[in-house]
Amino acid sequence: MFDNQKCKKCQFKSSATKLLNNEELNKLEQNCSEIELKKGDTIFRQGILSSNIIFLKKGVVKLHIEGQYKEQIIKIAKGPIYLGIPTTFDEKYNRYSATTVEKANACFINIETFKQFVQNNGKFAYEIIVELCRNEINLFHKCISRTQKNARGRIADALIFFSDEIYNNTIFKLPLTRNELGNYVDTTRESVSRILAEFSKEKIIRLKSKKIEILKKKQLELISRTG
DNA sequence: GCATTAACCACAG
DNA sequence: CTGTGGTTAATGC
C-alpha cells in the first residue's frame, strides 16, 4: 500500500508539495494512499465523517450539495487540485460531496499529517492559502453569473468554462447530463436542451449529443455578457 | 395589452 | 436520458 518514493517521484506534485523537505516527503509517503477512480465514483459524501484531504492528481470531479429540493452542483474541478480542505480541516462532517465525472486518480492524505505541514512549513501553507483564495474568487464570479445573467448567458459561461478551464480545447465531450448541467447553472434540463439547440441552430456551437465544438467563441462571450 | 423568459408537464424516442 | 411542444406565471415595456 505504501509504495516508497511514490510521492517524491510524483509527476503531479502540487505547488505546495514541491516545497516539502525530504523528511516531510517521507512522512507524506507513509500517510498517503493513491487510488484509481471510475466515472461516477464517490470520493467523499456529504454528511459522513470527514477524515482525509484529497489530492486529485488527474481527472474531473463535481462538488455538490444535496439541497432541500434538488442536488446543486457547486463546482466542477480538474486535477491537480486539493479537494475537501474546507470540509475536512475544521469540520467534523462533510458539508458537501465530491464525485468523479470522469475516471480519475486521487491520493487520500491523512488529515493530521496535512495539518502538521501547514503548521510547520510556512511555504507549504502559503501555497495552500493561495489555492483557497483562488477558489473563493472563482466562486464570487460564479455567484455573479448565477444572479445577474439569464439562462443563455449562464450556459454560455459554462461552455466557455469547460472549453478554457477544463479541456483546453474548442472541442470536448460534456461530462455531465443535461440535468446535471442544469443543476450546475441553475436552470432546468429542458432549458438546457432548448438553449443548446438554439446555439447550434445559430451556428455558435456544433452539437451532437454530448460532443460540443465551439464555433464562435466571440459570440458566446457576447451572450455571456449581455444574455 | 403584448412580448419575453423560463419553469412545469407530458409524451415520444 | 433527451428533445420538443403546450401551458402558465412573472416581469417589463
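Just so it is clear: chains get the letters A, B, ... in the order the sequence lines come, proteins before strands, and each one is counted from 1.
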_Pair A/K75-A/N138, side-chain donor/acceptor within less than 3.5 Å_ = no
*Nearest-Å distance, CG (A/L174) to P (C/dC1)?*
14 Å
_Using the rule that Ile, Leu, Val, Met, Phe, Trp and Tyr join whenever any side-chain heavy atoms are under 4.5 Å apart, tell me whether A/F55 and A/I85 fall into a single cluster._
yes
_Single-linkage hydrophobic cluster, 4.5 Å side-chain cutoff, A/F161 and A/L83 together_ = no
*Taking atom NZ of A/K39 as the centre, report whether more than 12 heavy atoms of other residues, nucleotides or ligands fall under 6.0 Å from it.*
yes
*In whole angstrom, what separates A/N179's CG from C/dC1's P?*
7 Å
*Quick one: A/E198 CD to C/dT2 P, roughly how many Å, whole number?*
18 Å
*Roughly, in whole Å, what's the span from NZ in A/K211 to C1' in C/dC1?*
16 Å
*Think A/K210 has a side-chain N or O under 4.0 angstrom from the OP1 or OP2 of C/dC1?*
no
_Separation of C/dG3 P from A/L196 CG (nearest whole Å)_ = 8 Å
*Any chance you could list the contact pattern along nucleotides 8-13 of chain C? Use B for base contacts, S for sugar-phosphate-only contacts and - for none, protein heavy atoms under 4.0 Å, 5' to 3'.*
------
_In whole Å, I'd like the distance from the NZ atom of A/K149 to the C1' atom of B/dT4._
20 Å
*asked:* As an exercise, state the distance from CG of A/L132 to CD1 of A/I128, rounded to the nearest 0.5 Å.
replied: 7.0 Å
What are the atom names and distances for every N/O pair under 3.5 Å that joins the protein to nucleotides 7-9 of chain B?
unit_1, atom_1, unit_2, atom_2, d
B/dA7, OP1, A/T187, OG1, 3.4
B/dA7, OP2, A/T187, OG1, 2.8
B/dA7, OP2, A/T188, OG1, 3.4
B/dA7, OP2, A/S191, OG, 2.9
B/dC8, N4, A/R194, NH2, 3.3
B/dC9, N4, A/E190, OE2, 3.0

*Would you give the length of the straight line joining atom SG of A/C10 to atom NZ of A/K57, rounded to the nearest 0.5 angstrom?*
4.0 Å
*When rounded to the nearest 0.5 angstrom, what is the spacing between CG in A/N110 and CG in A/N31?*
5.0 Å
*asked:* So for atom CZ, which belongs to A/F12, do other residues, nucleotides or ligands contribute more than 12 heavy atoms lying within a distance under 6.0 Å?
replied: yes
